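Letters go in sequence order (proteins before strands), and every chain restarts at 1. No experiment lies behind these values; they were computed from the predicted model shown.
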Protein chains: 2
Amino acid sequence: METTLKSRETMHRLCGKGLEIFNEKGYYNTSLDDILTQLSLSKGAFYHHFKSKEDYFISIVQNLIVQKVYALLIEPLNTEENPLPVIVESLENALEPGKKNEMAYGFMLNDFLTEFNKRNEEISGYLKDILNVWEVNLVSVLKKGKLDGYIARHVDCEGVATYIIASYLGMRSLMMDSTNRQLKYQYIQQLKQYFRSLEPQHVMA
Amino acid sequence: METTLKSRETMHRLCGKGLEIFNEKGYYNTSLDDILTQLSLSKGAFYHHFKSKEDYFISIVQNLIVQKVYALLIEPLNTEENPLPVIVESLENALEPGKKNEMAYGFMLNDFLTEFNKRNEEISGYLKDILNVWEVNLVSVLKKGKLDGYIARHVDCEGVATYIIASYLGMRSLMMDSTNRQLKYQYIQQLKQYFRSLEPQHVMA
DNA sequence: CATTTAACCGACCCGCAAGTCGGTTCGGTT
DNA sequence: AACCGAACCGACTTGCGGGTCGGTTAAATG
């Protein structure tokens with residue numbers, strides 16, 4: 001049992017540091033040694049726990065990234081309130097640069113999607129799955145918002161979800177280096193503007 | 001003189017094929033031999049014309065990509081009409097999969113931006129410059145639209161430009177493989193919806 | 001203790017792709 | 001005809017990085 005704990009601990013450290021560095025420098029631009037050096041581990045240790053670099057990254061996706069996307073972008077949607085401000089808040093939060101040295105995990109989706117697209121079908125499949133789950137949840141909360149009278153009846157919820165996701169992913173390309181406050185502010189403002197156009201017409205009795 | 005023509009011709013073929021394959025498979029995932037084989041050229045020929053793979057790609061950016069972005073996204077903005085439908089049209093056109101075997105050049109910006117970000121500062125600088133030019137032109141045409149009464153006075157033109165660019169770039173990540181007609185349709189519809197909210201309030205005399 | 005085995009070490013292998021370089025071809029000039 | 005140099009060839013060098021493998025350490029068990 002003691003050994004199993006040690007094993008889990010090492011794998012955990014590998015995954016955490018891996019996500020951090022892959023996110024910083026990209027998957028293909030990071031060598032295993034880059035990571036192993038920082039953890040004072042050897043090639044042998046690595047291949048004792050993972051069967052390949054690819055297998056390693058899949059672990060990272062399925063353990064860490066999925067979890068972060070759920071926590072930041074999906075679970076906040078579970079609410080009874082008006083979904084539009086809830087969505088804004090979740091995106092605003094997801095674009096927030098990490099609190100205290102954590103990086104903004106929400107950011108990385110677009111980078112990894114682009115990196116693995118045309119390169120590694122399996123991994124890019126897992127990443128698309130994550131996006132799909134997000135989309136399904138967005139659509140569902142939007143439809144609920146329509147029933148509750150927060151959103152106009154004519155609105156195409158699937159289209160709105162797509163547009164939200166596209167603009168969110170695109171922000172990543174724009175915010176690349178400097179965590180530009182100005183860009184984020186502009187984005188949130190325009191998102192709100194857009195959302196205003198989805199509300200039912202105010203009845204001016 | 002004849003020789004100079006031959007030289008230009010070869011460089012031109014190299015750049016064209018390079019853009020095509022880099023766009024398909026990504027820069028770092030494409031070896032020079034991949035390109036040279038298709039053109040029946042040798043390493044020697046390549047290094048006679050370019051001093052490195054990087055130098056080669058910079059040529060491609062500055063000759064071909066800049067040109068395409070201007071043609072597809074910037075020049076169409078020069079009009080006296082209402083800028084909003086003009087912008088929609090230019091984006092719709094830029095998202096169109098290439099006519100007759102050409103690829104959609106408009107697409108590639110996001111891919112290359114993501115690929116070179118954190119990898120090659122010089123190239124990513126050139127790509128950002130292109131985005132900046134686009135943004136400046138968008139802002140300028142939006143401001144003109146405001147003066148002409150097509151856009152409400154309260155609108156933040158810089159913010160709108162940022163939002164347009166972000167959503168456009170993000171669409172690339174979503175449309176990756178299948179040139180999904182549905183996605184494009186949804187995007188254009190929502191963009192129009194958003195733009196409607198930028199118009200001055202209709203005076204219901 | 002003795003033995004076993006999970007966890008780990010690190011030198012080495014090997015393929016890939018950028019870049020080099022000595023040589024060849026060929027159109028143009030004298 | 002002799003020559004020059006631009007355009008091009010392709011075998012080779014080189015470095016990098018994923019993956020291998022025989023060996024070592026140390027904790028658990030009898």
Side-chain angles (χ1 to χ4, degrees), chain A residues 1-61 112 115-116 118-123, chain B residues 1-61 112 115-116 118-123:
Chain A
M1 267 304 142
E2 180 59 23
T3 60
T4 301
L5 277 180
K6 184 80 181 303
S7 178
R8 284 206 177 284
E9 153 80 11
T10 303
M11 284 179 73
H12 204 258
R13 283 205 307 147
L14 277 167
C15 288
K17 182 59 81 175
L19 178 55
E20 180 187 328
I21 304 192
F22 287 144
N23 187 46
E24 264 172 37
K25 311 201 320 173
Y27 176 82
Y28 290 107
N29 195 32
T30 300
S31 73
L32 293 178
D33 281 329
D34 289 343
I35 297 164
L36 294 171
T37 303
Q38 287 205 24
L39 293 176
S40 300
L41 284 175
S42 66
K43 278 273 179 68
F46 179 86
Y47 280 94
H48 180 73
H49 293 290
F50 301 98
K51 70 181 220 294
S52 65
K53 189 186 180 186
E54 178 179 356
D55 173 60
Y56 172 47
F57 190 76
I58 291 174
S59 287
I60 292 178
V61 171
F112 286 143
E115 190 168 10
F116 289 109
K118 309 169 192 164
R119 266 273 218 172
N120 185 313
E121 214 167 319
E122 187 181 359
I123 293 183
Chain B
M1 263 305 146
E2 180 59 24
T3 59
T4 302
L5 277 180
K6 184 82 182 301
S7 177
R8 284 206 179 283
E9 153 80 12
T10 302
M11 284 179 73
H12 205 257
R13 283 205 308 148
L14 277 166
C15 287
K17 182 61 81 175
L19 178 56
E20 180 188 328
I21 303 193
F22 287 144
N23 188 46
E24 263 172 37
K25 311 200 324 173
Y27 175 82
Y28 289 106
N29 196 31
T30 300
S31 71
L32 293 180
D33 281 328
D34 290 342
I35 296 164
L36 294 171
T37 303
Q38 288 205 25
L39 293 177
S40 301
L41 284 174
S42 67
K43 277 274 176 66
F46 179 86
Y47 281 95
H48 179 72
H49 293 290
F50 301 99
K51 69 180 223 294
S52 66
K53 189 184 180 186
E54 178 179 356
D55 173 58
Y56 172 46
F57 190 76
I58 292 175
S59 287
I60 292 177
V61 171
F112 287 143
E115 189 168 11
F116 289 109
K118 310 169 192 166
R119 266 273 217 170
N120 185 314
E121 214 166 319
E122 188 182 359
I123 293 183

Trainee: What closest approach, in Å, do Ile21(B) and Gln38(B) show between heavy atoms, and which atom pair accounts for it?
Mentor: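 For Ile21(B) and Gln38(B), the tightest heavy-atom pair comes out as CD1-NE2, 3.5 Å.
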
Trainee: Taking only the side-chain nitrogens and oxygens of Thr10(B), find out if one of them lies under 4.0 Å from OP1 or OP2 of dC8(D).
Mentor: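 Checking Thr10(B) against dC8(D): at least one side-chain N or O falls below 4.0 Å of OP1 or OP2.
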
Trainee: Checking Glu122(B) now: which residues fulfil side chain to side chain contact (heavy atoms under 4.5 Å, CB included) with it, not counting sequence neighbours?
Mentor: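 Glu122(B) satisfies side chain to side chain contact (heavy atoms under 4.5 Å, CB included) with Glu54(B), Ile58(B), Asn120(B), Tyr126(B) only.
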
Trainee: dG17(D) C1' sits how many Å from Tyr27(A) OH, rounded?
Mentor: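 Rounded to whole Å, this separation is 12 Å.
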
Trainee: Give each protein N/O atom lying under 3.5 Å from an N/O atom of nucleotides 10-17 of chain C, with the pair distance.
Mentor:
residue : atom : partner  : partner atom : Å
dG10(C) : O6   : Gly44(A) : N            : 3.0

Trainee: Please round to 10 degrees the angle between the axis of the first five pairs and the axis of the last five pairs in the helix from dC1(C)-dG30(D) to dT30(C)-dA1(D).
Mentor: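 About 10° separates the two local helix axes.
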
Trainee: Can you tell me how far P of dA6(D) sits from CE of Met11(B), to the nearest Å?
Mentor: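 Value for this atom pair: 15 Å.
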
Trainee: In whole angstrom, what separates Arg119(B)'s CZ from dC16(D)'s P?
Mentor: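 Rounding to the nearest Å, CZ of Arg119(B) and P of dC16(D) are 14 Å apart.
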
Trainee: Lys51(A) has an atom NZ; how far is it from atom C1' of dT20(D), in whole Å?
Mentor: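 Lys51(A) atom NZ is separated from dT20(D) atom C1' by 16 Å.
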
Trainee: Whole angstroms only, please: what is the CD-C1' distance between Glu9(A) and dC8(C)?
Mentor: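 Whole-Å distance recorded here is 14 Å.
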
Trainee: Could you check how far CG of Asp55(B) sits from P of dA18(C), rounded to whole Å?
Mentor: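 Rounding to the nearest Å, CG of Asp55(B) and P of dA18(C) are 14 Å apart.
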
Trainee: Would you please name every residue forming a salt bridge (charged side-chain N to carboxylate O under 4.0 Å, His left out) with Lys17(B), sequence neighbours left out?
Mentor: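 By the salt bridge (charged side-chain N to carboxylate O under 4.0 Å, His left out) rule, Lys17(B) matches Glu20(B).
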
Trainee: For Arg119(B), check side chain to side chain donor-acceptor pair (under 3.5 Å) against everything at least two apart and list the hits.
Mentor: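 Here the qualifying residues are Asn29(A).
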
Trainee: Apply ring pair (Phe, Tyr, Trp, His ring centres under 6.0 Å) to Phe57(A) and list each qualifying residue two or more places apart in sequence or on a separate chain.
Mentor: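 Per chain and number, Phe57(A) pairs via ring pair (Phe, Tyr, Trp, His ring centres under 6.0 Å) with Phe22(A), Tyr27(A), Phe112(A), Phe116(A).
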
Trainee: Hey, does the side chain of His48(B) come within less than 4.0 Å of dC8(D)'s phosphate (OP1/OP2), counting only N and O?
Mentor: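 For dC8(D), neither OP1 nor OP2 has a side-chain N or O of His48(B) closer than 4.0 Å.
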
Trainee: With sequence neighbours left out, what residues match Ser42(A) under side chain to side chain contact (heavy atoms under 4.5 Å, CB included)?
Mentor: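 Ser42(A) satisfies side chain to side chain contact (heavy atoms under 4.5 Å, CB included) with Ala45(A) once adjacent residues are dropped.
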
Trainee: Grab the two heavy atoms, one from Asn23(B) and one from Lys118(A), that are nearest each other, plus how far apart they are.
Mentor: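 That would be O-NZ, 2.8 Å.
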
Trainee: Is the shortest side-chain heavy-atom distance between Phe50(A) and Leu14(A) below 4.5 Å?
Mentor: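 Side-chain contact under 4.5 Å: yes.
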
Trainee: Please report, rounded to the nearest Å, how far the C1' atom of dA7(D) is from the CZ atom of Arg13(B).
Mentor: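 Atom CZ in Arg13(B) sits about 12 Å away from atom C1' in dA7(D).
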
Trainee: Rounded to the nearest Å, what distance is computed from the CG atom of residue Asn120(B) to the P atom of nucleotide dA18(C)?
Mentor: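 Between P of dA18(C) and CG of Asn120(B): 14 Å.
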
Trainee: For dC8(C), does either OP1 or OP2 sit under 4.0 Å from a side-chain N or O belonging to His49(A)?
Mentor: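 His49(A) to dC8(C) OP1/OP2: side-chain N or O found under 4.0 Å.
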
Trainee: Nearest to the side chain of Tyr47(A) - dC9(D), dG18(D), dA18(C)?
Mentor: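 From the listed options, dG18(D) comes nearest.
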
Trainee: Please, which pairs that meet salt bridge (charged side-chain N to carboxylate O under 4.0 Å, His left out) have at least one residue in residues 26-47 of chain B, sequence neighbours excluded?
Mentor: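 Only Lys25(B)-Asp34(B), Asp33(B)-Lys43(B) qualify under salt bridge (charged side-chain N to carboxylate O under 4.0 Å, His left out).
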
